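Note that the structure is a prediction, hence the values are computed from the model and not measured. Every chain is numbered from 1 and lettered A, B, ... according to where its sequence line falls, protein lines coming before strand lines. All values below come from the heavy atoms of this structure, side chains included, with hydrogens, waters and symmetry mates left out.
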Number of protein chains: 2
Amino acid sequence: MKAKIGQAERWVFRPPGLAVVVELMRRPVLTEQERVEIHDSVQRCLTRYGQRYTDGRRAIIEVLLTLRRPVSITDIEDALPQLPRSSAYRHLADLQAASVVSRLAGTDDFARFELVEELTEHHHHLLCTYCGRVTDVVSPVELERTVTGYLKGLAKAEGFIAQSHRIDVFGLCSSCR
Amino acid sequence: MKAKIGQAERWVFRPPGLAVVVELMRRPVLTEQERVEIHDSVQRCLTRYGQRYTDGRRAIIEVLLTLRRPVSITDIEDALPQLPRSSAYRHLADLQAASVVSRLAGTDDFARFELVEELTEHHHHLLCTYCGRVTDVVSPVELERTVTGYLKGLAKAEGFIAQSHRIDVFGLCSSCR
DNA sequence: CTAGTAGTTTAGAATCATTCTCAGTCTCAT
DNA sequence: ATGAGACTGAGAATGATTCTAAACTACTAG
Ligand SMILES: [Mn+2]
Ligand SMILES: [Mn+2]
Ligand SMILES: [Zn+2]
Ligand SMILES: [Zn+2]
C-alpha cells in the first residue's frame, strides 16, 4: 500500500477505493549548495532592507535550515543556548520585516517560525494536537491545482483578494499517537 | 464569468483556462428550526459533561449563531457588553471542554471561536491579513474529495494520525482591499 | 587613522491576551 | 428547607512576546 520510490523520504500512496494517486514527500534535506544560495538570498533581503546579516541572524537561519520544520522559540533556545531570548525574538521580527521568515500559529501557545516559501518551496503542515509539533510536507500537484482553481473563484466571489493559502492537517504525530 | 445560481449567497465560478468548475458558498443563514436544534445539541453536550446550559453560555452561543463567522473576544464584548470578560473566557473554555466550541488562531493576536463542525458543517476560512477578520466558506465537493484522499495518504506515510484539516486563504477582505 | 553615523545586542521592564482564584450565588435533587 | 455541586465575576496572576535604554560594533567620510 505504501511504496518507497526514491530516496528515503519519498513515497507514493494509493488509497483503496480512490482513483486518485496521492503522492507525498517530506521536504528534502538541503544540499550545501542550496544552503549557500539561501544564505545569499537572506543576505540580499536584509541588505535591501538596510540591515546587516550578523552572526546572530545567521545562527537563527541555520537553525531553520537544519531543523527543516517550523521552529518554536524553545527550539531556538535549545539550539543556541547562548543567544538571549529577547535577541532571538528581535531577530525573528527583523527577519520577518525583511520577508525572510514567516510566523505561524499552531495548536499550542507558542508561535512557530519558518523560512518564507520564496526561499524554500510551497508546502503544508502536519500539526500535532497533543504536543504541538509541526511537520512540513509537500503536497501532490493535483491537490495544488485543485486548490489554486478554488482560490481563483474565491477572490472574485467574495470580494476577497487571495494572497496565499495554507492546508494544515491536525492529528497525532508519530511520537504522540 | 461569475453566475449567481440560487439564493443571494451562492455562485458558480468558471475560472478561465481551467476545466474545473469551482463552486463557492458562504455558509447559509440558519432557520429558526436549525437554531433550536443547535441549542438542543449544545444542551446535550453540556449535560453529558455535567454542566448546565446557563444564560451566559446561551448568550455566547447566540452570538456565534448570529455572526456566522469565528468571533473574537471583542466581538463577544460588543454583542454582550454586560458580560464580564473573564466570564466570557471561562464560558468559551467550558464550551470547548464540552466539545461545543472550537478555537482557532488567525493572523492577529486574538483567538477566534466558532461552533464545532459537528454542530454546523465542514467549512474553511478566509483570513484578512490586514484587519484579521475571518469569514466562513464552504468548499466544493471536488476539493473536499481531493483533500480527503490526500489526508488518507498522509496518515500512513508519516505515521501521523489525521483527525481533521483546515484550508485557509490569506488575503485582503472586501473592506481592506 | 579617527570620529561620526547608523545599525546591533542584551538585560530587564512592560504589555496584554488569557487564565486563575476565591468568595459569593444559584440549582436541583433529596 | 438543605447540602452538594455548579456558576459567576472582580481582580490577581501568568507568560509569551514586545519594548526600552544603554552599551557595542561595523562601516565610512575626512
Ligand atoms: Mn498548497
Ligand atoms: Mn475541507
Ligand atoms: Zn505530538
Ligand atoms: Zn480586512
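- A salt bridge does not link D136(A) with R69(A): none of the charged nitrogens is closer than 4.0 Å to a carboxylate oxygen.
- The distance between atom CG of L46(B) and atom C1' of dT27(C), rounded to the nearest whole Å, is 15 Å.
- Salt bridge absent: R103(A) and E114(A) never bring a charged side-chain N and a carboxylate O closer than 4.0 Å.
- Whole-Å rounding puts the R57(A) CZ to dG7(C) C1' distance at 8 Å.
- Taking atom CG of D108(B) as the reference point, atom C1' of dT18(D) lies 16 Å away to the nearest angstrom.
- Each of F113(B) and G56(A) has a nearest nucleotide on DNA chain C; the 5'-most of these lies closest to G56(A).
- The side chain of R103(B) places no N or O atom within less than 4.0 Å of a non-bridging phosphate oxygen (OP1 or OP2) of dA17(C).
- Side-chain nitrogen and oxygen atoms of R90(B) include none within less than 4.0 Å of the OP1 or OP2 phosphate oxygen of dT19(C).
- In this structure, L95(A) atom CG and dT8(C) atom C1' are separated by 13 Å, rounded to whole Å.
- Put simply, T54(B) has no side-chain N or O that comes within less than 4.0 Å of OP1 or OP2 on dC7(D).
- In terms of phosphate contacts, S86(B) brings no side-chain nitrogen or oxygen within less than 4.0 Å of OP1 or OP2 of dC20(C).
- Phosphate contact (OP1/OP2 of dC7(D), side-chain N/O of H91(B), threshold under 4.0 Å): absent.
- Rounded to a whole Å, the CZ atom of F110(A) is 16 Å from the P atom of dT14(D).
- With sequence neighbours excluded, no residue forms a side-chain contact (heavy atoms from CB on, under 4.5 Å) with D109(B).
- Rounded to whole Å, the distance from CG on D94(B) to C1' on dT19(C) is 12 Å.
- An OP1 or OP2 oxygen of dC28(C) is reached within less than 4.0 angstrom by no side-chain nitrogen or oxygen of R52(B).
- Rounding to whole angstrom units, CG of residue L92(A) and P of dT9(C) are separated by 12 Å.
- Here dT18(D) is the nucleotide among dT18(D), dC7(D), dT19(C) with the atom lying nearest to any side-chain atom of Y89(A).
- Counting non-hydrogen atoms under 4.0 angstrom, A93(A) reaches nothing in the nucleic acid.
- The base of dG9(D) is not paired with the side chain of R85(B) by any donor and acceptor separated by under 3.5 Å.
- Outside the 6.0 Å centre-distance limit, the rings of H165(B) and H125(A) are not counted as a close aromatic pair.
- Ring geometry, Y53(A) versus H39(A): the interplanar angle falls from 30° to 60°, so the pair is classed tilted.
- The separation between I76(B) atom CD1 and dT18(C) atom P is 10 Å, rounded to whole Å.
- In terms of phosphate contacts, S87(B) brings a side-chain nitrogen or oxygen within less than 4.0 Å of OP1 or OP2 of dG9(D).
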